[in-house]
Every structure is written in structure tokens, then in C-alpha cells.
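Right, one structure below, let's go through it.
Naming: A, B, ... by sequence-line order, numbering from 1 per chain.
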Amino acid sequence: MELTYEMILGAYRTMRMIRSFEEKLIELVTLGKMSGFLHVYMGEEAVATGVCMHLKDPDYAASTHRGHGHCIAKGVDVRGMLAELFGRQTGTCKGKGGSMHIADLEKGMLGANGIVGAGIPLATGAALTAKLKKTGGVAVAFFGDGASNQGAFHESLNLAAIWKLPVVYVVENNGWGEFTPTEFVVPVKDIAERAKSYAMASAIADGMDFFDVQAKAADAIARARRGDGPTLLECKTYRFAGHYVGDGLAYRPKAAADAWIQERDPIRLFIDRVLAEKTLTTDDLERVDGEVTRHIADAVKAAEEAPEPTVDDLLRDVYAEPR
Amino acid sequence: MELTYEMILGAYRTMRMIRSFEEKLIELVTLGKMSGFLHVYMGEEAVATGVCMHLKDPDYAASTHRGHGHCIAKGVDVRGMLAELFGRQTGTCKGKGGSMHIADLEKGMLGANGIVGAGIPLATGAALTAKLKKTGGVAVAFFGDGASNQGAFHESLNLAAIWKLPVVYVVENNGWGEFTPTEFVVPVKDIAERAKSYAMASAIADGMDFFDVQAKAADAIARARRGDGPTLLECKTYRFAGHYVGDGLAYRPKAAADAWIQERDPIRLFIDRVLAEKTLTTDDLERVDGEVTRHIADAVKAAEEAPEPTVDDLLRDVYAEPR
Amino acid sequence: MAREIPTAFAIGEALRIAMETDPDVILMGEDVAGGGTRPDGTDEAGGILGTTRGLVKQFPDRVLDTPISEMALLGSAVGAAVTGLRPVVELMFMDFIGVCLDPLLNQAAKFRYMFGGKARVPLTVRTVTGAGMQAAAQHSQSLYWITTGIPGLKTVIASNAGDAKGLLLAAIRCDDPVVVCEPKSILFLSSEVPEGDYEVPIGKAKLVREGGDVSLVGMGGTVNTALQAAMQLEQDGVHADVLDLRSLQPLDEEAILTTLGKTGRLVVIDEATPRCSVASDVAALCVDKGFDLLNAPVKRVTAPFCPVPFSRVLEEAYIPSPQRVIEAVRELL
Amino acid sequence: MAREIPTAFAIGEALRIAMETDPDVILMGEDVAGGGTRPDGTDEAGGILGTTRGLVKQFPDRVLDTPISEMALLGSAVGAAVTGLRPVVELMFMDFIGVCLDPLLNQAAKFRYMFGGKARVPLTVRTVTGAGMQAAAQHSQSLYWITTGIPGLKTVIASNAGDAKGLLLAAIRCDDPVVVCEPKSILFLSSEVPEGDYEVPIGKAKLVREGGDVSLVGMGGTVNTALQAAMQLEQDGVHADVLDLRSLQPLDEEAILTTLGKTGRLVVIDEATPRCSVASDVAALCVDKGFDLLNAPVKRVTAPFCPVPFSRVLEEAYIPSPQRVIEAVRELL
Ligand SMILES: Cc1ncc(C[n+]2csc(CCOP(=O)(O)OP(=O)(O)O)c2C)c(N)n1
Ligand SMILES: Cc1ncc(C[n+]2csc(CCOP(=O)(O)OP(=O)(O)O)c2C)c(N)n1
Ligand SMILES: [Mg+2]
Ligand SMILES: [Mg+2]
């Protein structure tokens, strides 16, 4: 698919938004203004952006504990997200979910998830709905290399394969599961290999290269929409920060990490390419940077001023039909 | 490995014992003398026999809901097993387990199991013990084609691969999971394919051919003993009877089943070969048949005469250290 | 005159009505079709106990056999439920919840709350519970106390065919995840089942016998145990109320306190093991809100605190009996 | 003078002693090593909360990082336990039991019984429970009621560092499967911890405060809640017994009935949700065997029946507070 100027500019805005959003979170945590378990997506922005640009609202995506990028790329309102992280009534989940549970079904976001691997069957079920109700929709499951060792991964991919469901399994291989390097726990070089256990299509993308991700995601999503079944798409990327905000990273060799961060930053690579190819100008980029910065600043201000939930909210929304 | 006369005769005794044992069970159930959920192994005898002949008592095997064959082949006393199925105090499990829970740790039998796939991690753990305690032992997990769709299968094989555990995963592909044909739920032709997801060695054996099974099992077990890691061994076999004793088989096309039963009976094939190759004589076979018949008849008699548990046994053995 | 059919048939009837009245209702599970639509024209099994027989022929695209992958079965059902379908999952035996608890515990039960009220999870999980068929320790448990204890889930259990039909229809149409337990002890018993489409409200217990001297509170199969005990007690002049909880969560506290108010004496009969049980909750309710109504201790007649044994004799001793209920009542008089 | 260290350190100390005194003891879990023995010489994480830091350096072959595969982790630990090892598993947060319940529910808990007494399952599962860190609905649950309710398992929970060490040592050396809960609310609190090797017996509660007017029964973090409430009550002249259950299964019924016998009034404080809870069991015990001792209703102060909210304000309202305990006591006087 030919990428238009608007698509490329939109992709930059999304990546920049994710990056600036999380830079702000780290700042807020450091200043003691924000609490809770936060897992940042920094370094992996090209994956969510390249995949979600091919999804529409009625398409669904299931996310992980590292969900900010997926949510923003899927169109969840950043103001609501920030309010949620501040635990405010105006938050996406009225302050009840927090970072690991941001969800917005109207935007097709099935939710960040605190249980590793849990999003995989959820997206599979969303694909079943699309198939049975003939909505023409597709579902995407984002998950990590570590999650590919969960039983839910195996069971879900097998189910999607035999039912030929319109789903794309995007494994974000960022080299680490918490404090453990992927190669310690995954005996195969490419997780994409595992698609063969289900006679499923697969592909490998350079997760730091937005253009490669979006191209391979477009193929996989098109295959799903055509009714030709699921795909396992492995995106090779890297977790720039610690596992969670506050992680001292003592267990991680610095040199290797620095190499990734300095030479393979997806946003840096994107900028170099679009400027070299003259698809975008420095003006474009600076304009977007300015918009994003202002948007986040406003969102933070609004969130900080928003009301907290009250004790009356504690028992609200446990059931749709309380007795 | 060269098979001695004793080994071949022993293999015949084991297969015949399993077959006659289950024929007797069906008779007893039909006569209303025995109750409970019974899943018979008929048609798959060559698998348990060919694998277990290479195991010693300190080696472990985990079984399934279809466990009679594995138990007998692993050396569990048939008298105790029959008493167990009659729910007697003299049973292998004092009448508390029944068909789905026959276990004898001294014989290295980790138990039949009512939970599909549950034996796979158990055998993996037994292999961990062997490795850490350097016992030189190996562990075998028997499970069905249907169980290969359980998360426990995926997680366990991955764990064994990264830890290079001395374990052999024997998948008994008998064409059916309850009332569902394997090809409806397993999208790959060979389940052995799935070993590639873990960079694990694999092999496929004709599960109706004792000689093929034992040869490939010998290789896999030797690999494990050498410390060269796990193997996934697929044995292609067929479930001659229904899923459980009493299953009317209305869902199963008769012709295909009859072809297997008439042309591929593992005991029939075994007999034809050993007689043709003159490794055993008809006298040998008849002698064994007689011994087996008498042994089972005695065991049934002993079991029927054995005492049932009493209510005092109800709360016994819940804990090793009750307070 | 009243039509009597086995509970298993009543369940099948409810499923058919639910599917006829709502195109979004689908059935998922292992062998819920089990043949029937196959090119080779074999007949279908309709589930391990035949409960769903006939449905795949009527709704070929909406009765889905799954692999033996309960985590994917439950997890995908939750995903389907929040995106527009109304799945009815068959978890063959509740004992298997050990391999698929997360989609219930951490997903279905919590979505609505975690997402600030923005999700609906119209999921129904049908599952067979209880002992009595010598199915031994891993196919005989009454684990409804686990789903009952999880906020966000509802759990119901019928004691007869008519309620089984109405509760299942109510569960399927409920926008909350509901676990519907099908006790082995009632599946093949026949009782009166109204024709047509009706619902039994979730959360309402039913007084199935009027006594006044003592209250016997049962659920599922133990309601029949209580009724049998009540009939024997009657002969000694002891008149027992028998309350059928029907809904374990929400618990009909009002109905429990009402019968306790009449009798001042209560025995709760639960086929599950005693620790962290529905029986304990009923007793705890009595000693809290019902304290002033109590004239005697509250007795719990439950399974012993051990796995379900295979042996016929032991299994019989394991299952709460009318005799044990009568002995408990004697202690209160 | 007495040595005070954080509970997390006391747990690490217990693990080191257990491993030094028994070569069959191994640790398994996600990132329980987390580096430390790596060629690149990085430092180890020692678990998500650092509890196991230092152990992999001392026992390089016996501290095993696992993939994120809890079903294989728990299931293989059971297999290892019945074949000669004494595994100590770290289940990072008890909320994750949803993906690995079967090895506990249907394997570890039942082997000894199903196999006629012929199996020993010396398995210990350490797991972090409870709210208080804004970890939200899937990382804050107190699910010990699930393992408490399963016959064949034992479940313990300490309220202080000294008991945490002694209970863990007892659990590791016990031939039954034991679930050891580590409440977030006490992990980083310091209290007195004896040096060296000692065990706190499983199944014995401890009276941690002598009052006489009312009995406050707590477990884990709620023991401190009870103590704080007791101190405030003292100022109004109400003298409270505070009982620390320490062991949830077996339950020390004698200790509960003893304090009830002294006071006739009891409040049980449980951080878990109320349905099918340990709190309900304690109340049910009081209204059964303790009926004649009761002078007032038995009150349960528990979490509300909802998931754990993220918002700081809501989470504070969610966790049982001394204030709520005091209000409950007021209702009894
Ligand atoms: C079932 C379950 N097990 C363990 C955890 C704890 N945990 C949270 S994130 C994480 C690492 C996940 O690694 P990966 O899937 O590669 O995702 P990444 O963090 O690298 O994005 C772990 C072990 C969890 N949340 N859920
Ligand atoms: C976790 C779990 N799910 C479902 C069942 C019900 N069940 C018992 S045996 C069986 C079929 C197993 O098929 P397979 O693994 O191929 O073994 P086979 O019966 O063919 O030997 C099923 C679904 C179970 N016992 N445990
Ligand atoms: Mg990762
Ligand atoms: Mg099979």
C-alpha cells in the first residue's frame, strides 16, 4: 500500500505522542506526582503505530501490561489516559483501572492487561465475533516474547488456525521478560517459528523500522480481512527503559542496551528516513512536536485538576444488573 | 539395540496382559459387576509396551485417563489394579483412586490422570529431579493428540527444552479426542512438528508396530540418559473402542474404524512378525496367553473377595501431617 | 397435566429457546456438537452427557466444537462476549476450572469494574458439578464456592428440571458473566418443566416446603436431601421449612433471614467441602444479621474435608445424606 | 537486644537456612535469580521484590529462573516434589493463580489421598497477596480463601517478620503442599526476627494481645489493623484480645473458641472479599461450636465485594481499616 503524506505525518504524530506521553509519566513519577505500577513502551513505538494505522475503530486490539503505546495508537484519548493514571473520575476507566487496565471498547481497545498472555485469547474471541457476525472486522493481539511461553498463546493460536479467524498475533520481541533475557527462556531464534505448529502464516519485521512493520502488518491484516486466516507477526524490538518505572536495571549489561538506544531508536530512524526521502519536512516534525507537547501539557493540567472518585464509587459497576 | 528372546517374549506378555485385562473389564462392566468411568487402551498396546520396556523402576512415567496400558507396562501389579477398579482396600490406591488415578510411585508410575495434559508437567518435574539429583533416570509423559492442544503441553516442552531435561514426550495420536477427529482440532499433519517450536528433537513411530515404537523410544530414552535433552515422539495409533466403556460410537464412521481394527491390530501384527521371523513359537504365545488368562482370573477372584474400605478410611491420608 | 422431563432435556430446551430468540447466542465447548454436521453423516454426541444433542443440526454455524483448550475456550468466549456475541460455554466438568480460571477470575469478573462500567460481559458458563457417579477425585467436585467468591461473577445452581431451564435462560440473557452449575445428582431426574420461554430470576431463593420448627437450606442436589430429611422429620412431628437457594451469588439473604425468623433454627446442607463454603456464608449471615433470631447453633452438613473417593462405599459416606441432616436437626431441638 | 529486619529479609533468611540444611530444597520462579550468575557478571534482581536476592550466588544450581509459564512451573514442581526434591515455588502474585490452579487443586492437593496414602508432596508455594500499592485489580487480590478451601493443601500467612521466617521454614519442611502468603502490607515492615533456625508450627494461632472484653481475629496484615483498633479502643476502656490466625488451613479452632469463651464477642478482620472467606468460616465456627459462648453477633470486617480499584482514595476505602473495626466493635457493646 502507498503511504500518503497524511498517513506518514499521522504515524509520526502517534510515535511522538507515545514517546512524549511516557517521558511525561516518568517525570511525574520522579516528582512523586504519580504512583502505581508503570511499564513504559519506550523504544517500541514503531510496532503499535505501524500495526494500528491499518485498523479502524470497529477492529479490536488486545494489549498488555505495557499498554500505553497500543492504547494511543488505537485512538484512545490521551486526556482520559492521563486522568486515569492520576486515578481521577475523568479517567478512561473512571480511575478504577490504572495503567494496566486502560480500555476503551468504543475505540476497539480491549484493554491493557495485568496477566501476561491474557490478551491473546481475548483478541481471538473478538475475531470470532467478527467472523460469525460478518462485520468485516479484524482483531490484533499484542504481546511480548515472554508471553509466547504462556499456555494461552498455544491454545489461542491453535484455535484461530482451525477456525481460520481474522486475527493477527503481534509478538513484540523486545529481548527481555522482566529481568530475564529472551534467549534464556525461548529456545528458538525466531518466535515466528512457532506459527508452524498451527500451519499458520508468519512474518518477521524489524520492529524499529516503522515502514517495515506497517508493510508486514498491512499484509497480515489484509489476509485476515480476506478471510484467509490468522498470522503470527514477530516484531524485533528493544525495551529501552527498565521493566517498570523505578527498575534499576542492575541485571542488564549496559553496552548492549546503549547500542540499541543510540543506534536503533525507531523515532530517530523514522526522522532520518522521512527527511532523507523528503516525505516530511523539519517544519512538519516541529509542528507536530509542538502540538504533542501542548496536548500533553493540557492533559496533565486537566487531569491534576479533575476530581478524584468518591467512596460512593467503590461499589459501583461491579455488575450490570445488581440485585 | 538387539532384542533378546526374553525381551520379545516379555513384550508379548505385556501387550497380551493389557488386552486381556481390558477385555475382562468390559465383561465385568457389561455384567454390572464394575462401575466408574473406564477408558480402555485397546489398540494402543504397542506404544506403552515399546516405550516402557526401556525404562527401569527408578525411571518415571506419567499417564492419562486412558492409563491401564501405561500402568501395566510400567510394572504396576495387575492384582492391585483390579482390586482398585473394584474399589477394594487391597487396591493400588486402597480403592480411593479408581481407573483414572492408579499410581505406584515405587514402580515409577506417577499416575493415571483425570485432567487432560496434567501429566506432561508432572513428568517434566520428575525429569528435573533426575537431573538435579543426578540419578541417571529419565521421565516419560504419555498423552493424547487432544492433550497436545493444552497449554500445559506448550509450557512443559518449552521448559524441558531450555533446561535440557531427560524427558521423552510420547504423544499417542489415536485419531480421536472423545468424539472429535484429531484433524478437526489439530491443523498440522504430524504433532511431532510441534517439537520445532522448542528446537526439540522429534520422531514419528508407527504406533501399531511394536518394533518401530521400541526402536524409536530406545533412541529418545538414550538421548535423555546421555543428557542430550528431551524428545517429542509421536506414535500413530488408533482407539479401537469408544472413548469410554459404554460409548455407542454413533459419531464414528464404521468403515474407517473397522479397517484399523481388522488390518492394524498391534498384537496381530506382532504375532505375524515373530512367527514369520521365528523369534517366538506358537507354543511360546499359547503359554503366555494361558498364564495371562489365569493371572487375570485369579486377580479378579482375589479382588471380588477383598474387603471394601470402611467409613474410617474416608478421612485417612488427606495430609501426611494432620494436626 | 404437567409435563415431567429430565433436567438434561430441560437444559437442552433452554438452549434451543435462547438460540431461537437471539441470533447472538452461540454454544462453545468440547464435543457440544461432536459430529452431526459431518460430511460422513454420523450422528452427533451432543456433549459428553448428551445435553446439547440436536442443537447442531438446528444451528450448524452456532454450535462450536473446540479443541481441548479450556483457557482458549473461556478466554475467547470472554473476548466474544465483550464484542457483541452472547456465548454459552460448556466447561465439561467444573473440576477443569483449574486449567481455565483466569478468564473468569481476572477477565470476565473484572472488566466492567476495571473499565469504569463501560463493558458488558454477557457470558454464560455451564458446568457439571458434584459426586455420585464414582467419577473420583477429579470429576466429582462441587467447586461453585470458587466462582461464588469472585466479585463480578454470578453463580446459580438448580435443584430441579424446571428451575434448571428458567435459570439457564435468565443466565444467558443476563449482561453479567454467570456460572450455571449442573449437579450430576439432578441431571437425569425428571420433574415438571413448563413449556415455552420463561426465566427464573437470578438472586431469588425459593421456599420449597413450609414447616416452621426448623429451616433446612439447600442448593442443587442437597435440596432433595433436605426434602427427604424433612419428610422423615415430619413423622416425628418436626415440621421443616426447606429453602432452595437457587442463586449462590447474589445470595438471597432476605429469604434466609425470613425462614430463620420463623424457626430460629437452621441447618444448611452443601455438597461442597466445608472450608470457605456457601454453607459458611449462610451460617455467618445468621450469626450477624440473624443473631437475634437464633434459638440454637447453626449446623452445616457438608462433604467432609477431603477429596472425593472412588470407592462406592466411601463416596456414599462422602455425600451429605438425609440421615446426617436429621442428626444435625436433632442437635438443635 | 532484639534484631529488627523487614519481613522480606526474614523470608530470604528462611530460604537460605532451608537450602543450607537440606540439599533437596530448590527455588523455582520467574526471576528468582534474575541475573547474578550470568557470564556478563550483572547483578541479580532476586525476584520482582528482591526477596530472593543473594541466594543464586550461594546456590547457583538450585535457584532456577523459569519462563513465564506458571502451569509448567507449578506442575513440574509437583512432579519434582513427588520424586524426591523439596521445591519452593515463587508465584509472583497470588492473582496469577488463575493460570496455574490445576497443579494445586487437582494434583498436589489430591495425590496423597487418591493414591491411598502412598505419595508425599513436600511442595511450598510462596506468593505475594493483598492491596495497598495501587497495583489494581489483577495484582492486589487476597485469594488465600481459594487455597484454604482445597482439602489437601495447607495455607499460612504471617503478620510479622519473625513469624514469616518460622512459618516458611515449617512449610518447606512439611511433607504436605503448603501455600505461604506474603502480604504486601507487611513485606517491608520491620519487626523482631530471632537469629538462626526455628519453625513456627503450622496450625497454631497466636494470641498477640490480651484484653477480655472483645476478641479481634486477624490474619496477615489485618492483625496490625486489629492491634491499632485495640489501642484506640483501650482509650475508651475497651480491652480487646487480638488473635493472629497465622494458619488458615488447618484452622486453630481451639484458639478461636478460647478467646471467644473469654469475651463472648468477636470481630474477624479479613483483607479478602467476604463471600466464601476465612472470615465466614470463623463466624460459622462461632455459631456452631461456639454458640453457647456468644453474647453478641459475630461481625466480619472484610474488603467490599468488588475488585480492587486503582484509585488511591478508593483503594484506601477498600482495605479494612482500624476505624471500621472499631465501628464493628461498637455494634457489639
Ligand atoms: C501470568 C503472569 N505471570 C507473570 C506476570 C509478571 N510479569 C509482568 S510483565 C512480565 C514480563 C513479560 O515479558 P514479555 O511478555 O516479554 O513482555 P514485556 O514486559 O517484555 O513487554 C512478567 C513476568 C504477570 N503479570 N502475569
Ligand atoms: C482439562 C480437561 N479437559 C477435558 C477433559 C475431558 N476429556 C477426558 S478425555 C478427553 C479426550 C482426550 O483426548 P486425547 O488427549 O486425544 O486422549 P485419548 O482419549 O484419545 O486417549 C477429554 C476431552 C478432561 N478430562 N480434562
Ligand atoms: Mg519482552
Ligand atoms: Mg486421542
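If you take NE2 on C/His139 and NE2 on B/His65, they are separated by 8.5 Å, rounding to the nearest 0.5 Å. Remark: C/Leu314 CG to B/Arg316 CZ distance equals 10.0 Å, nearest 0.5 Å. The structure places CD of B/Gln89 at 9.0 Å from OG of C/Ser311, a figure rounded to the nearest 0.5 Å. A distance of 8.0 Å separates CD1 in C/Ile68 from OG1 in B/Thr180, rounded to the nearest 0.5 Å.
What you find for B/His243 and C/Ile48 is that their closest heavy atoms are CD2-CD1, 4.2 Å. Pairing each heavy atom of C/Cys306 with each of B/Val318, the nearest pair is CB-CG2, 3.5 Å. The two residues B/His101 and C/Ala137 make their nearest non-hydrogen contact at NE2-N, 3.9 Å. For B/Ser35 against C/Phe310, the heavy-atom pair with the smallest separation is O-CZ, 4.0 Å. Shortest non-hydrogen contact noted between B/Phe37 and C/Ala135 is CE1-CB, 4.0 Å.
For B/Thr310, the part lying near chain C is the backbone, with the side chain staying farther off; criterion is any non-hydrogen pair under 4.5 Å. For chain B, the nearby part of C/Phe93 is the side chain; its heavy atoms alone come within less than 4.5 Å. Using a 4.5 Å cut-off between heavy atoms, C/Glu70 touches chain B through backbone and side chain atoms alike. If you measure heavy-atom distances from C/Met133 to chain B, the contacts under 4.5 Å come from both the backbone and the side chain. Contacts of B/Arg88 with chain C are absent, with no heavy-atom separation under 4.5 Å from either backbone or side chain. For a residue to count as touching a neighbouring chain, one of its non-hydrogen atoms must lie under 4.5 Å from one of that chain's; by this rule B/Phe184 touches chain C with the side chain only. Interface remark: B/Leu38 contributes no atoms to any contact with chain C (heavy atom separation under 4.5 Å). With a threshold of 4.5 angstrom between heavy atoms, B/Asp247 does not approach chain C through any atom at all.
In this structure, C/Lys184 places its NZ atom where more than 12 heavy-atom neighbours from other residues, nucleotides or ligands lie under 6.0 Å away. No more than 12 heavy atoms of other residues, nucleotides or ligands sit less than 6.0 Å from atom CD of B/Glu106. When the shell of 6.0 Å around NZ of B/Lys301 is examined, it contains 12 or fewer heavy atoms from other residues, nucleotides or ligands.
The residue among C/Met92, C/Glu316, C/Met71 with the most heavy atom pairs within less than 4.5 Å of chain B is C/Met92. Here B/Ile115 is the residue among B/Ile115, B/Asn113, B/Asp313 with the most heavy-atom pairs under 4.5 Å with chain C. Of the listed residues B/Cys93, B/Pro181, B/Gly248, the one with more heavy-atom pairs under 4.5 angstrom with chain C than any other is B/Pro181. Interface remark: of the candidates C/Glu30, C/Glu44, C/Gln134, C/Gln134 forms the most heavy-atom pairs closer than 4.5 Å to chain B. Chain C forms the most heavy-atom pairs under 4.5 Å with one residue out of B/Val185, B/Thr182, B/Leu314, B/Leu315, and that residue is B/Leu314.
C/Gln138 contributes a side-chain N or O that, together with a main-chain N or O of B/Gly114, makes up a donor-acceptor pair within less than 3.5 Å.
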